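Here the structure is a predicted model, which is why all the values come from computation and not from measurement. Residue numbers count from 1 along this sequence.
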Amino acid sequence: MNFDLRGNFSCFSHRRSDSVLEAARSADRNVYGWALEHRPIPELEDTDLAVVGISVSADTQLIAALTVARHVKRRRPDVHVVMGGNLTTRMVSRWQEEHPFFEYVDSFVSYEGEDALPALCDRITGADDRAVPGLLERDGRGGLLRTPAAMVDVADLPTPDFDGLPLDRYFAPGPVLPLQASRSCAWDCAFCSIPFASNKFRIRRADQVVRDMAALAAKHGSDTFMFVDEIMTLTSLRGVSRQLIDGGHRLSWYGETRFSKGLDEELAKALRDSGCRRLDLGLESYNQRVLDLMRKGTKVADIEPSLQALLGNKVPVHLFCMTGFPGETEEEALRTQEFAAQTLRRSTEEFGVPYSTAANGPFILDVLSPVGERPDLFGVELIPPGEGEDLAFDLDYTVAEGLTQEDAVRLTAGGPGGVAGAAFHRGTWIGDAEEWSFLWAMAEAELPARRVTAPAAPRPDVAAATMVRLADGVRARPSATGQGILLHVPSGDALLSVPQEWNPLLDGRFHAVADLWENFASTGPAATALVRLAAHGAVTFEPADASDQSRPLWYAAHPHEVTDSRADGSCLLTSPETGNRVRVSAAGRLLWLLSADGATASGLSARSRLPEQQLRPLLEDLARHHVIAVAALHPELLGPPLPAAAAQRVR
């Protein structure tokens, strides 16, 4: 299975109902099934539980959602499982008869759930039998019963409720809480299907929005917010900014909007003063002809003045770009890419705003978008989905003129390119990790290099009296299972999991190694873990007097995963803690295995049968790539655990 910032993918297809069902029933090949087998949902023990709701907003969530639904029905067949969300609305709109998903889901809700869920709960518990807006259920004869959806009055919505979520478990300075100033979209772009599953556009009063922000900040201690509106109109931007400024609130936020004449100097200043530290903008194309084909409703003439106003007031921007809309030429596509690159350069060099980003992707043909519904109007011919792909909402296509689908993929394969001001996070554009980019801009901190390179691993000289503590900047918290500790090491962009025996380090003070050793039943794992922490830069040492008896030992400093093994014995080693990947020879792989619990150079030479002149360069190369690390440990640390009295005598 592969997880990244955009989704998760496995051997199962979310485009096929039969594959989704197969995944839901698999506990060995489906990571969600495996997790639920080992960590069942404790809330299912509540005898008062009557309804479980599951929201599915994207296709990559579908397998996880149905796996959870199956888990609930197996443990609590009496509980009513209801599924909703944007993808659910799109999915059930196609169904004409009872679908196999009803095996694990009792009902589905289309469109919005704020009114539907209370009505459904009242009906199930017998409190009321009023109609449930947007409800889809079985008729008992293989058919379906549909109740018309209703539109929620967003002015009546209460403050969002995040109770029950582990908001204290985030490593960020605080959770970036989502909220809305409006719902749906006021426009009808040809490439977008948002209006299909979002009802009509509605806007909330700015004073209500800011009231919610203040209430959430007071309740959760978080001063950072993300507006999840499909688009924040000028009305929302002006109103929210003014309310935040007039109320004296010190909050940071970001959202998404479009280029327009009203995005001017006055509004940009208000955005900055109100705490806006990122504004996402749908550029799509820097060609008026293409924007008109898209029915975008924006003018190229308004783009540069808006950027000038925003960047001049230190509001970082993110540009969404699209390549290959039907009818676009390669010359037009390259013009958009060059404009985005130039904007990022100017943001850094001219305006001193290094946090602006851009993302450029190929046009995706959504079957529920205007292009998908009337392809003939756009010079497009749809290619039917593969056999059995009943859940496919994006289709391949051919065009009468302009860039082909393959051309669009080719032109966007490398992202916006090596542009000043565009930053990476472990090889991923931070435009794809919005909260990460926003937090850097909020802190006005210096951006890291495009790829974070872990510093060279030190060679600690450790005796029982050596003092050790967590390094500056390292943050720690208990793991989700309570069986260990998670450490975030910014210097190496690493997330470590270590045994709970290291719990004393959480107080941030220096501790004698001998005291820490007393927590371990065996000194071997303690020594290995200490070297691993040192190799990651997670700990700082205050050395005791060096001892001539210290023994230099080589350790496999990080757990690595072996992939792409070849006939010659070489393989690819990937660290799940840093993401670093390195190809090693058969000899290097052997040394990595032999050093799992620590070994001297002479011991490695004897066991691997490698001569000294070949062994030493190989060890140093493995250490340079953070596959192994070296430490000088006093012999007393490698024997039986030190009793407290002995530790005192050593000191």
Residues forming a side-chain contact (heavy atoms from CB on, under 4.5 Å) with Thr67, sequence neighbours excluded: Ala24, Asn30, Tyr32, Leu36, Ile63
His14: side-chain contact (heavy atoms from CB on, under 4.5 Å) partners, not counting sequence neighbours: Phe9, Asp59, Thr60
Which residue in the set Glu265, Glu266, Glu444 passes salt bridge (charged side-chain N to carboxylate O under 4.0 Å, His left out) when paired with Arg272? Glu444
Between Arg295 and Phe191, is NZ or CZ placed under 6.0 angstrom from the six-membered ring centre and within 45° of the ring axis? no
Table please: side-chain donor-acceptor pairs of residues 234-252 below 3.5 Å, with sequence neighbours left out.
| residue | atom | partner | partner atom | Å |
| --- | --- | --- | --- | --- |
| Ser241 | OG | Leu237 | O | 2.7 |
| Arg242 | NH1 | Asp246 | OD1 | 3.4 |

Considering only heavy atoms from C-beta outward, does the side chain of Leu572 approach that of Arg581 to under 4.5 Å? yes
Quick one: side-chain contact (heavy atoms from CB on, under 4.5 Å) partners of Glu22, sequence neighbours excluded? Phe12, Arg29
Test: salt bridge (charged side-chain N to carboxylate O under 4.0 Å, His left out). Region: residues 313-331. Which pairs qualify, not counting sequence neighbours? Glu330-Arg410
Hey, can you tell me if Tyr286 and Phe339 have their rings parallel, tilted or perpendicular (30° and 60° cut-offs)? parallel
Any Val176 side-chain heavy atom under 4.5 Å of Phe225 side chain: no
Relative to each other, are the rings of His99 and Trp95 parallel, tilted or perpendicular (30° and 60° limits)? parallel
Just verifying a value: how many Å separate Ser184 OG and Lys200 NZ, rounded to the nearest 0.5 Å? 10.5 Å
Quick one: pull up OG1 in Thr336 and CD in Glu332 and give me the separation to the nearest 0.5 Å. 8.0 Å
What pairs of residues pass the salt bridge (charged side-chain N to carboxylate O under 4.0 Å, His left out) test when at least one of them lies in residues 353-372, not counting sequence neighbours? Arg90-Asp366
